[in-house]
Amino acid sequence: MKSRCVLFLLLLIQQVRTDLQYDNCIYWTSSKGFSLPEFSERRVLNDVTVFYYDSSLRSKTPCPDWINTTAGREEWSSIHFWTDHNRHTVTLAFKSASQQFNLTGSLSDQNIYQASGCCSLYPDGTYKAFLTSAFNGKDFTSFDINTKTFVAAVPQAVLYKNLRERDSTTIEELSAFYKKPCLERLNILKQAPGILIRKVPEVRIFQQQKADSITVTCHVTGFYPRVVQVVWLGPDLQPVDEGVTDVLPNEDGTYQTRKSVIVPEEDVGEHTYSCVVLHSSVPDNITRVWGGEKAGGMAVWISLVCISLLAAGIGLVVWWCCRTRAKAYKYIYKRPEGSAPS
Ligand SMILES: *[C@@H]1O[C@H](CO)[C@@H](O)[C@H](O)[C@H]1NC(C)=O
Ligand SMILES: *[C@@H]1O[C@H](CO)[C@@H](O)[C@H](O)[C@H]1NC(C)=O
Ligand SMILES: *[C@@H]1O[C@H](CO)[C@@H](O)[C@H](O)[C@H]1NC(C)=O
């Protein structure tokens with residue numbers, strides 16, 4: 001019981017902790033037949049563009065004020081250096097893909113190569129990184145950071161994979177970058193104006209008894225950014241709002257939404273139902289289960305007992321303090337009149 005109480009308190013503390021999360025992403029394109037520059041690179045931190053360059057621009061943006069420190073200037077010139085390198089590899093990928101798809105006769109008049117590399121830090125400390133590419137909207141390659149190899153998603157990508165893997169120095173650097181510096185750079189880049197912090201949703205389930213059914217609502221609040229997906233999983237569920245989910249703003253800039261389903265009376269206690277929330281602030285999903293009545297009741301009881309014990313403990317301390325103080329007062333006031341305390 002004691003350990004359960006400790007666990008409960010720990011959970012409480014965990015929920016109070018501020019939740020931060022960062023995404024550091026780079027997007028590249030190379031295309032022909034669209035009215036787009038031949039090459040572009042965009043660096044985005046939590047949906048805010050911190051660097052942009054494309055081949056139609058005469059020069060790259062000079063170091064902006066917010067990054068004008070010694071470390072910042074180094075970072076900026078490193079970005080400039082890598083942009084030149086990336087322009088080379090992205091153009092190479094585009095040419096290689098165009099040539100290979102032409103060989104198989106599946107090259108169109110409008111062609112686009114898109115690549116992206118991201119590293120993300122989640123509130124629970126999870127770190128994820130990936131580097132992938134697509135040609136005309138279909139998977140082309142991905143980079144395996146641990147084995148330091150490119151994975152060709154289609155036969156037409158094998159040529160490019162081999163070209164890249166021949167340059168072992170850059171492959172090493174690439175793997176090393178997505179393992180650590182990608183994240184360290186966040187400390188400099190997150191000073192850019194307008195960077196918004198992702199907030200993890202709080203998910204609660206409540207129920208409402210109707211004549212022959214129960215309406216169960218999954219309430220999701222306190223999340224940022226706005227995009228969210230809430231799904232109910234389980235047998236015999238009927239949606240209440242015809243699947244429409246309204247996302248409403250909270251006063252603190254976060255958002256909230258809810259999704260209700262109807263569970264027929266005869267299914268209550270027979271099955272378990274899950275509310276699954278997908279949001280960019282969490283690596284997988286947040287799942288809350290409803291329907292395990294006994295388990296739920298137990299948890300509530302344990303919490304109540306914990307709170308009672310805690311309250312009793314505080315009460316005891318308060319009582320003890322008051323009693324000691326009252327004794328002290330009694331002692332002072334019982335002194336004989338006229339004698340001053342020394
Ligand atoms: C960076 O700051 C220094 C002074 O600390 C200033 O001389 C320089 O012009 C600044 N550079 C840019 C690009 O703003
Ligand atoms: C595709 O291949 C044909 C001949 O095989 C060539 O004439 C044409 O220029 C190629 N197109 C592109 C876009 O490379
Ligand atoms: C939610 O995440 C868990 C792992 O944390 C996974 O097993 C499960 O399939 C996910 N569910 C959905 C609906 O994505």
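In each ligand, atom 1 is the first atom listed, and ligand 1 is the first ligand listed.
Of the polar atoms of Asn68, at least one N or O is found under 3.5 Å from an N or O of ligand 1, judged by distance alone. Residue contacts with ligand 3: Asn285 is placed with a nitrogen or oxygen under 3.5 Å of a nitrogen or oxygen of the ligand (distance criterion only).
No donor-acceptor contact under 3.5 angstrom links the side chains of Glu202 and Gln256, judged on distance only. There is no side-chain donor-acceptor pair under 3.5 Å between Thr91 and Ser30. Defined by atom type and a distance below 3.5 Å, a donor-acceptor pair is present between the side-chain atoms of Asp54 and Tyr52. Side-chain atoms of Glu41 and Thr83 form a donor-acceptor pair, as typed in the model, at a separation below 3.5 Å. Side-chain contact annotation: Arg258 with Thr217, donor-acceptor N/O pair under 3.5 Å absent.
A centroid separation of less than 6.0 Å is found between the aromatic rings of Trp76 and Phe51.
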Show me, pair by pair, the donor-acceptor contacts under 3.5 angstrom made by side chains of residues 93-101, not counting sequence neighbours?
unit_1	atom_1	unit_2	atom_2	d
Ser98	OG	Phe94	O	2.8

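Ligand-side atoms of ligand 1 in range of Asp65: 14 (O), range being under 4.0 angstrom from any heavy atom. Under a 4.0 Å criterion applied to the non-hydrogen atoms of Asp284, ligand 3 contributes the atoms 2 (O), 5 (O).
At a 4.0 Å cut-off, at least one heavy atom of Cys63 sits close enough to ligand 1 to count as contact.
With 2.5 angstrom as the limit on SG-SG distance, Cys119 and Cys25 do not come in below it.
Sorted by chain and number, the residues within 4.0 Å of ligand 2 by heavy atom are Asn102, Leu107.
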